[in-house]
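Below is one structure, written out as structure tokens; the observations come after it.
Naming convention: chains lettered A, B, ... in sequence-line order (proteins, then strands); numbering from 1 in each chain. Everything numeric in this text was worked out from a predicted model, so none of it was measured.
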There are 2 protein chains.
Amino acid sequence: MAMVGAKLRALRQRRGLGMRELALRSGVSHSAISLIERERMSPSVDTLGAILAALGTTFSSFFADLESGLPSRPFYKAEELAEIGRADRISYRLVGMDYPNRRMLMLAERYAPGAETELMITHNAEEAGIVTRGAVEVTVEGRSQVLRQGDAYYFDSRLPHSFRNVDPGVSEIVSAITPPTY
Amino acid sequence: MAMVGAKLRALRQRRGLGMRELALRSGVSHSAISLIERERMSPSVDTLGAILAALGTTFSSFFADLESGLPSRPFYKAEELAEIGRADRISYRLVGMDYPNRRMLMLAERYAPGAETELMITHNAEEAGIVTRGAVEVTVEGRSQVLRQGDAYYFDSRLPHSFRNVDPGVSEIVSAITPPTY
DNA sequence: CCCCGCTGTTCAGTATTCTCATCACCCCGG
DNA sequence: CCGGGGTGATGAGAATACTGAACAGCGGGG
């Protein structure tokens with residue numbers, strides 16, 4: 001249960017609004033608002049969006065504020081990094097998964113022999129990395145290069161790009177992407 | 001219906017995950033994921049949070065990305081500014097309510113005779129403003145000053161502060177607060 | 001004192017989300 | 001040709017979000 005309730009109540013009271021008044025403006029019933037604020041209910045994204053709009057806020061700044069706490073810890077053991085890829089062909093293991101307000105995705109990437117990514121045309125982000133093992137052919141906007149241990153890359157994620165393991169064994173990359181919506 | 005579905009699907013596919021695999025990791029059923037991605041269902045905040053965690057993202061960056069579009073328009077007529085206060089005693093009228101990724105709250109504030117705010121101890125933000133009509137006594141950290149037309153203020157919102165209309169008539173302030181979670 | 005208007009909470013009923021099982025499709029191997 | 005293992009979509013039922021109508025408490029005025 002994400003702790004949106006307390007934050008919402010503070011926001012509403014700061015506006016000097018009662019539950020009924022906010023209900024009227026947002027189109028959400030005052031009883032629902034009561035339940036949400038006391039965290040007895042987790043609102044749907046639609047409902048929360050309606051309430052936030054009536055309060056003059058946006059999802060991103062509401063949650064930015066909510067998640068602005070300090071990280072629980074600074075260190076992560078190799079084996080506890082959270083797998084966010086498929087692990088069999090290409091593994092992406094995430095650093096700082098419980099860092100509430102992280103602004104980048106720091107990844108330990110591991111490519112099985114022959115593994116390659118789709119051609120990705122992603123969004124407004126930047127990514128960089130260093131090959132730490134094996135050999136990876138990186139293609140950005142049609143231009144390819146084979147990177148080996150110590151070689152690196154840095155490009156705008158909006159350019160079409162892909163990765164291919166060209167080493168007979170396993171290849172590894174340490175990379176970072178920002179913002180973390182990779 | 002906030003358009004989270006398409007963004008979620010793109011994110012999942014970028015990770016090379018099937019719906020079942022993501023369901024396994026997030027604890028949300030694959031059928032729910034299917035419905036959410038096709039926008040036939042608005043997930044609860046809890047459910048969305050579980051999915052985002054499994055994908056290695058946070059609420060704030062997910063929505064920051066979602067709301068990163070351009071504003072629909074640059075101009076707002078005085079009478080269309082959205083009221084986010086109570087209008088009777090103190091009115092807060094918002095500029096740019098449909099600006100998807102606004103990073104500040106620009107307000108036209110209007111104080112009825114005798115109106116005053118509670119003592120507010122808010123959060124990590126900065127606010128500034130200029131009095132455009134009447135006279136307002138602003139108190140920050142115990143220090144008070146009466147500001148008249150053209151006078152201004154700028155302080156850290158974490159300091160306890162309050163506003164009081166000391167003019168016999170209506171007073172007005174144009175203010176800005178950042179971030180917009182006022 | 002009662003009554004009004006305000007506050008937020010609670011409860012019964014309805015609508016929606018969500019789960020689990022099934023279904024349909026596609027590709028690969030035999 | 002028929003499995004097997006993968007994909008995502010669907011449908012019935014259980015769980016939960018949500019509504020609208022009470023209810024209880026508080027402060028002010030007659």
Side-chain N or O of [X] versus OP1/OP2 of [N]: is the shortest distance under 4.0 Å?
| X | N | value |
| --- | --- | --- |
| B/Ser29 | C/dC18 | no |
| B/Arg38 | D/dG8 | no |
| A/Arg9 | C/dT9 | yes |
| A/Ser34 | C/dT9 | yes |
| B/Ser44 | C/dC18 | yes |

Under a 4.0 Å threshold between the charged nitrogen and the carboxylate oxygen, would B/Glu83 count as salt-bridged to B/Arg93? no
Between B/Arg110 and B/Glu172 (salt bridge meaning N to carboxylate O under 4.0 Å), is one present in this structure? yes
Grab the [atom1]-[atom2] distance between [X] and [N] for me, whole Å please.
| X | N | atom1 | atom2 | answer |
| --- | --- | --- | --- | --- |
| A/Met41 | C/dG8 | CE | C1' | 15 Å |
| B/Glu39 | C/dT17 | CD | C1' | 15 Å |
| B/Ile33 | C/dT19 | CD1 | P | 8 Å |
| B/Ile36 | D/dA9 | CD1 | P | 13 Å |
| B/Leu22 | D/dT7 | CG | P | 12 Å |
| A/Glu37 | D/dC18 | CD | C1' | 15 Å |
| A/Arg12 | C/dT7 | CZ | C1' | 9 Å |
| A/Arg40 | C/dG8 | CZ | C1' | 13 Å |

Could you see if A/Met106 belongs to whatever hydrophobic cluster contains A/Ile130? Use Ile, Leu, Val, Met, Phe, Trp, Tyr and a side-chain cutoff under 4.5 Å. no
For A/Arg15 and B/Ile84 the tightest heavy-atom approach is CD-O, 3.1 Å
For B/Phe163 together with B/Tyr153, are the ring centres under 6.0 Å from each other? yes
Could you name each residue pair satisfying side chain to side chain donor-acceptor pair (under 3.5 Å) that touches residues 18-31 of chain B, not counting sequence neighbours? B/Glu21-B/Arg25, B/Ser29-B/Ser31
Among C/dG8, C/dC18, D/dT19, the one nearest A/Val28 by side-chain distance: D/dT19
I'd like to compare against my own output: the B/S/- annotation of nucleotides 22-27 of chain D with a strict under-4.0 Å heavy-atom distance to protein. B-----
Look at the side chain of A/Ser31 against the base of C/dC11 and say whether a donor-acceptor pair falls under 3.5 Å; ignore hydrogens and angles. no
B/Leu35 or B/Glu21: which one's nearest nucleotide on DNA chain D is closer to the 5' end? B/Glu21
Name of the residue among B/Phe62, B/Phe63, B/Phe59 meeting side chain to side chain contact (heavy atoms under 4.5 Å, CB included) with A/Phe59: B/Phe63
